[in-house]
Trainee: 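This is the structure I want to talk about, given as structure tokens.
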Amino acid sequence: IRVWWCSKRVIMGDNIMTYNGGCSVAMVGKDCVAIASDRRFGLRQQTLACDNERIFRINDRTFIALNGLGTDVETFIEKLCFRLNLYKFRESRDIAPRTLGSLVSNMLYEKRFGPYFVEPVIAGLEVDKATGAVTPFVTAQDLIGAPCFPGNFVVGGTCSESLYGMCESLWRPDMEPDDLFETVSQALLASLDRDCLSGWGAVVHVITPDSITTKTLKARMD
Amino acid sequence: RRSVHIIMSRRYDSRTTMFSPEGRLFQGEYAMAAISEAGLCVGILAGDGIVLAGEKKVVSEVLDNTGTAEKMYQIDDHIASAVAGITADANILINQTRLVAQRYRYRYQAPMPVEQLIQQICDTKQGYTQYGGLRPFGVSLLYGGWDRHYGFQLMSSDPSGNYAGWKAHSIGAHNQGANSILKQDWVRGHVTGGVQEAGRQGHEQD
């Protein structure tokens, strides 16, 4: 048997996290959160799909977006579903966003020395069972599960530096859902357009205690 | 001679993995005796669904039973089960069943067919009657589930690891009486309203 051996460098290029492309952002508003991502899936410069789903609805109050290597995004979400179903049936309740963050962090760190090449962005509404008060929550992690809890916005993906800049400029506290939608969309689109590895439209979810609004944005389709 | 026979058969029931001279597995039968003390569970299969009902026995006024389930457990999105027997044993089995269902779902990205799931759990239960020297699980389960191959299915399993598909069945205390009522009153193709009524009747037999 002849075995063909190729180094990862030859196939994936110099950065495995930019091989497929893609980006996402999550922002906190007044009693609401928004999470948005682009829809491109490619192999380096070649675009293969314009309808890639990067954001996954965990439950009505919790969403997760996974950036990074496409195959690991797929596998990680399958493994996450495994754990989340067990949580749902054992605890007889939906998982809270903060708890999901801890679970994801734990799963990623388990593979500390051979990680999943994904960078999660989590957005959701924490509900206080006693008072019914709703607290918006966002968190993002690196590929080995180191979380951050900034309280305003989190970003991830190939154009994350641009997204940081756009969010810093546009974000302000206590935005209503419509305002939040506009802000997230503008921040994402402005960053996408300058990144050749992200684009081909965007999808935005705005989560409030009563509803989830999903909108697809058409931008420069390139 | 008769009393000698009884003394002899006792010799075969402390070992779970041995047959008695009459070809019985006494530990399995003793497990069934434990289950016949537990609250009744009734299941009925209809054309458009399954009704599972479980009788919760109020053991004490001061018992706080708001948290954990006692009778009804959801296994996966498409399968639920009612249990009768030792709750501690049931918890172990239910946990294992949930893991089996999720492993299938992860591997095949599809919900596990109902009979396959029950078969796998029953294989585990059977193991406890053949090797290991451990006692069997003192639980009978009634499963209600749906899959795209066989539609709605109602199944039950017992400590021996046997399972069967049913149109209507009950397990637990007074299940013989409930089963005979279900047999008499069974009409093929009952709508769900009738199913709930028959379930209620089965319960009232206590």
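The sequence lines fix the lettering, A, B, ..., with proteins before strands; numbering per chain opens at 1. In this text, all values refer to a predicted model and were calculated from it rather than measured experimentally. Hydrogens, waters and symmetry mates are skipped; everything else that's a heavy atom, side chains included, is used.
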Trainee: Heavy-atom distance under 4.5 Å to chain A: side chain of B:Ile94, backbone, both or neither?
Mentor: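 It is neither, since no heavy atom gets under 4.5 Å.
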Trainee: For chain B and chain A, give me every donor-acceptor pair shorter than 3.5 Å, distances to one decimal.
Mentor:
| unit_1 | atom_1 | unit_2 | atom_2 | d |
| --- | --- | --- | --- | --- |
| B:Asp77 | OD1 | A:Lys88 | NZ | 3.0 |
| B:Asn95 | OD1 | A:Arg90 | NE | 2.9 |
| B:Asn95 | OD1 | A:Arg90 | NH2 | 2.8 |
| B:Arg98 | NH2 | A:Phe89 | O | 3.2 |
| B:Gln102 | OE1 | A:Asn85 | ND2 | 2.9 |
| B:Tyr106 | OH | A:Lys79 | NZ | 3.3 |

Trainee: Counting neighbours of CG on A:Leu48 that are heavy atoms of other residues, nucleotides or ligands and sit closer than 6.0 Å, is the number greater than 12?
Mentor: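 It does: A:Leu48 CG has more than 12 such atoms within range.
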